[in-house]
Amino acid sequence: MSEEQKQPEKQDIPEVFLSPYNPKEHEDALYHMWEESGYFNPDVCIEKGVTAPDAEPFSMVLPPPNVTGTLHMGHAAMLAVEDILTRYNRMLGKRTLWIPGTDSAAMATQSKVEGLIYKEEKKRRDEIGREELLKRINAFAEESKDTIIGQTKKMGSSLDWSRYAFTLDETRYNAVMEAFVRMYNDGLIYRGARSVNWDPAMQTTVSDDEVVYEEKNSPFYYFKYGPFTIGTVRPETKFGDKYVVMHPDDKRYAEYEHGQQIDVEWINGPITATIIKDEAADPEMGSGVMTITPWHSAVDFEIAQRHNLDIEQVIDERGCLMEIAGEFAGMHIKKARPAIIEKMQAKGLIEKVDESYTHNVATNERGGGMIEPQIKEQWFIAVNKEFAMGHSEVPGVAEGDTVTLKELMIKTVESGGTEIFPERFKRVYYNWINNLHDWCISRQIWYGHRIPAWFKNSEVKVQVESPGAGWEQDPDTLDTWFSSGLWTMSTLGWPAATDDFATYHPTTVLETGYDIIFFWVARMILMTTYLTGQVPFKNVYLHGLVRDKSGKKMSKSLGNVINPLDMIEQFGADATRLSLIVGAAPGNDMPLGEDKVRAYKKFANKIWNISRFILTSVADAEQSATPVLSERDQEILAGLARTVTEVSAEIDRFNLYIAAEKSYHYVWHELADVILEESKDIINGDDAAAKAARQYVLTRCLIDSLKLLHPFMPFITEAVWQELPEEMRDAEQLMVAPWPVAKAE
RNA sequence: GCGCGCUUAGCUCAGUUGGUAGAGCAGUUCGUUUACACCGAAAAGGUCGGGAGUUCAAGUCUCUCAGCGCGCACCA
């Protein structure tokens, strides 16, 4: 076959189709086109007439990535899922809003920047000063933010950038202040001395959820304590132990009475110990006797409170021993431990040492060190305090009902006001709430929202502006999750009564990873139901974690991290997205290997070639009235309609993995392998009527397949759409084209 | 300790209300120069972790055993 023979046919279709699909040539330009059009913004869609002004709203917030770093595969998966939901609903004609933002992640960010500064300048927090440190953190956050936004766009995310929000910007600041002051005035925020998780390295408190336990092997010491034997891994806390606790029913110690005093020889000499009978002592454990250190243990603190015992601090905020330690005072606990053991050994107070003891050491997940419980004056949210519910749209809760925040959180889900998918996470959610203690919300770091509380001598005032001369603002800042808890509201302008809030709140769905159900989902429900009487979202869709090919967690130390940008660079954003969707059942972790991404790149190319083939085949079609369809033609259209119906139903049920697979299967193994193959004879045949009919059918198949695939693979489908002849398209951009209507011929 | 999940083809996983198993990748055989080798066709491959029960019928429901993973709590 000669070159001349090929030429005429080729001219009928856009030249762009003549080489394999290359994502790099199209993606950035297409994203630019979408962004320029303004269609990410529902207001523009209404203005330009692609969305009805009174259409049903669909709204969702982007779980704001932390400004500490760059996007990873988990983010990419999240973006893929959310963009699919967004694009699908937009094509359905809904007023669709997906709001972008970033999170200050105060503790993690400050920790990171402090680390960088120390590395370069050997300077600590106090040497830099509050103002200067904040300046540096802000600069870091700003840069990180730009990186994240750039990466988010690479994924094709159809976010309305005109509504971009940052947790520390002015609107969000107003929301935080409003929430804090209101909760304080309603008695749901209080200041009190409690046992809190103190991080001596970061010099701040940490919430219960941010404490992670690491298993460690440490020697376990058995000490002589008068007539008793007590065990501990932490001898350095034991100086002030003057209460010895045993179970009231423990027969071994029946001879001792509650409140009885005995003299014992202890680390720094003789002391008088008091016997306490309390059920917290487990007779099965060791000798069944323990001494307590209430200042440095939440459990011991509770025992001490029950019996009204003295409480003494042993370790200071920096992790050094205090006066009570006598000759060891001023030593850091790490150095003190061996010295103490040496002395105990010399005094003959050590009975035995178990070297194979493993226990869990509490550490700060956000880049800090080992946790030392301390009693500290902090701000708390009272989760068990009853109050009268204000205005309420939460099902099952009426205005004026007496509730606690815990009950509100439970009822919101129980009543179906918020649905959780997959359902099994409801139980996880209830479980967590039932174990919930008052939430410590103050942090001793500088980055974040400063607490609107003012002190003058012993007086306290809670208000945003300074009450006047002589008043000092609380130097502490709020837990990041306090502001995150307001996110669905604050991104829509709350506390101002905005049109956005009226239209888009409650949001339709919250899509996020199951790992932050406690941190975030529960807290949004708490804050939003209390503050507005609305649920924050009607649905929660929880996705799993992206793991490596063999199911291991991706981590730098294992070297198995796959960078989403690398995947986009090699295989395109569409292939990357699809690889993160197919096989990812809601709430299940998903393994990902490069092979999978590569496989979907082939699919992108397949779409490209299907488009080329159909466009070539229909190039000489006449724009006549609807042709007479054969039985087979009708069957093809019915199959197409069935696929549309099924895929739509699966997306509605959040079964994106099934929807994606069905679309994929239809396009490749039905449209391409069967329909296109059998059409070759008809298109090249002599029966003009049959040919016209098949041309009509193929056009329909192409248009609807592109629409069907668009939410999943927005770039390639839009690229093809832009090459279609004008008369074939029913919208300027596929992004805002109407979702196919399933209709039988 | 409490709770949740997983165990299905060599690998990674699907399998909606119970009707004797599917996909992708890998592998086998064959084919293919005009939509696409980033292709097509065909074949192969599983007693659905073990055991018991309910049922006409169980991967699917119940109980039980085993292994793996995760969350929470405890940790003197």
Side-chain angles (χ1 to χ4, degrees), chain A residues 1 5-6 9-10 13 17-22 208-209 213 215 220-223 225 228-234 237-238 241 244-246 280-282 285-293 297-300 303 357-362 422 424-428 430-432 434-436 514-515 517-518 544-545 547-553 571-572 575 578-579 582-585 587-596 598-617 649-650 653 655 657-658 661-662 664-665 668-669 672-673 676-677 679-680 683:
Chain A
M1 189 165 298
Q5 274 174 303
K6 276 164 127 181
E9 234 180 13
K10 280 186 177 178
I13 58 164
F17 285 113
L18 294 179
S19 47
Y21 176 64
N22 181 359
D208 294 348
D209 299 294
Y213 294 92
E215 200 161 86
F220 188 89
Y221 303 99
Y222 289 92
F223 293 146
Y225 189 84
F228 308 112
T229 300
I230 59 156
T232 186
V233 273
R234 303 200 58 200
T237 65
K238 294 280 146 195
D241 287 16
V244 52
V245 185
M246 59 206 65
D282 180 0
M285 192 97 166
S287 62
V289 176
M290 63 178 176
T291 60
I292 54 168
T293 313
S297 155
V299 177
D300 291 1
I303 297 173
Y357 185 76
T358 53
H359 66 135
N360 292 327
V361 177
R424 71 184 140 93
F425 284 102
K426 280 187 188 173
R427 250 175 290 180
V428 177
Y430 295 139
N431 219 328
W432 179 80
N434 289 328
N435 285 319
L436 187 63
Y514 66 75
D515 52 329
I517 181 167
F518 308 136
L545 273 40
R547 292 171 178 276
D548 79 356
K549 218 173 167 177
S550 50
K552 288 203 191 76
K553 211 166 181 169
F571 308 113
L578 210 56
S579 69
V582 176
N588 284 2
D589 293 350
M590 53 190 130
L592 180 76
E594 224 178 271
D595 288 352
K596 195 171 174 186
R598 186 178 295 113
Y600 291 114
K601 184 189 178 179
K602 291 185 185 176
F603 181 52
N605 193 55
K606 190 75 183 179
I607 296 169
W608 197 240
N609 282 296
I610 288 168
S611 303
R612 180 209 302 192
F613 177 79
I614 294 183
L615 287 175
T616 312
S617 303
E650 297 297 356
R653 274 181 282 175
N655 286 329
Y657 67 116
I658 299 177
E661 214 174 305
K662 276 203 164 128
Y664 171 94
H665 198 265
W668 198 319
H669 300 298
D673 290 350
L676 257 47
E677 288 305 323
S679 297
K680 285 177 181 171
I683 297 297

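First the proteins, then the strands, lettered A, B, ... as listed; each starts at 1. The shown structure was predicted, so the numbers you read here are calculated from the model rather than taken from an experiment.
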message: Pairing check on B:G1: which nucleotide meets the Watson-Crick or G-U wobble criteria with it, both distances under 3.5 Å?
response: B:C72

field: d(CG, A:N588; C1', B:C70) in whole Å
entry: 12 Å

- prompt: Does A:H669 make a side-chain N or O approach to OP1 or OP2 of B:G22 shorter than 4.0 Å?
  reply: no

Pairing nucleotide - B:A35, Watson-Crick or G-U, each distance under 3.5 Å: none

task: Starting at atom NZ of A:K662, determine the distance to atom P of B:U16, rounded to an integer number of angstrom.
output: 12 Å

query: Among B:A35, B:A76, B:C72, which is the nearest nucleotide to the side chain of A:V233?
result: B:A76

message: On the side chain of A:E677, is there an atom forming a donor-acceptor pair with the base of B:A35 - under 3.5 Å, no angle test?
response: yes

- request: Give a yes/no answer on whether the side chain of A:K606 brings an N or O atom under 4.0 Å of OP1 or OP2 in B:G40.
  value: yes

message: Can you tell me how far apart CE (A:M246) and CZ (A:F228) are? Round to the nearest 0.5 Å.
response: 4.0 Å

query: With a non-hydrogen cut-off below 4.0 angstrom, is A:A280 in contact with a base, only sugar-phosphate, or nothing?
result: base

- prompt: According to a strict under-4.0 Å criterion, is A:Y657 in side-chain N/O contact with OP1 or OP2 of B:G15?
  reply: yes

- request: Sort out for me which residue in A:I303, A:V244, A:D282, A:T232 forms a side chain to side chain contact (heavy atoms under 4.5 Å, CB included) with A:M290.
  value: A:I303

task: Considering just the side-chain nitrogens and oxygens of A:N434, establish if one lies under 4.0 Å of OP1 or OP2 belonging to B:C2.
output: no

message: Check whether A:K596 reaches the backbone of A:S579 with its side chain - one donor and one acceptor, N or O, closer than 3.5 Å.
response: yes

query: Are the side chain of A:N588 and the backbone N or O of A:G544 linked by a donor-acceptor pair below 3.5 Å?
result: no

- prompt: Can you tell me if the side-chain N/O atoms of A:R424 get under 4.0 Å from OP1 or OP2 in B:C4?
  reply: no

field: Presence of A:W668 side-chain N/O under 4.0 Å of B:C36 phosphate oxygens OP1/OP2
entry: no

- prompt: Any cation-pi pair here, A:K680 with A:F613, using under 6.0 Å and within 45°?
  reply: yes

task: Hunt down the Watson-Crick or G-U wobble partner of B:G18, both distances under 3.5 Å, from any strand shown, or write none.
output: none

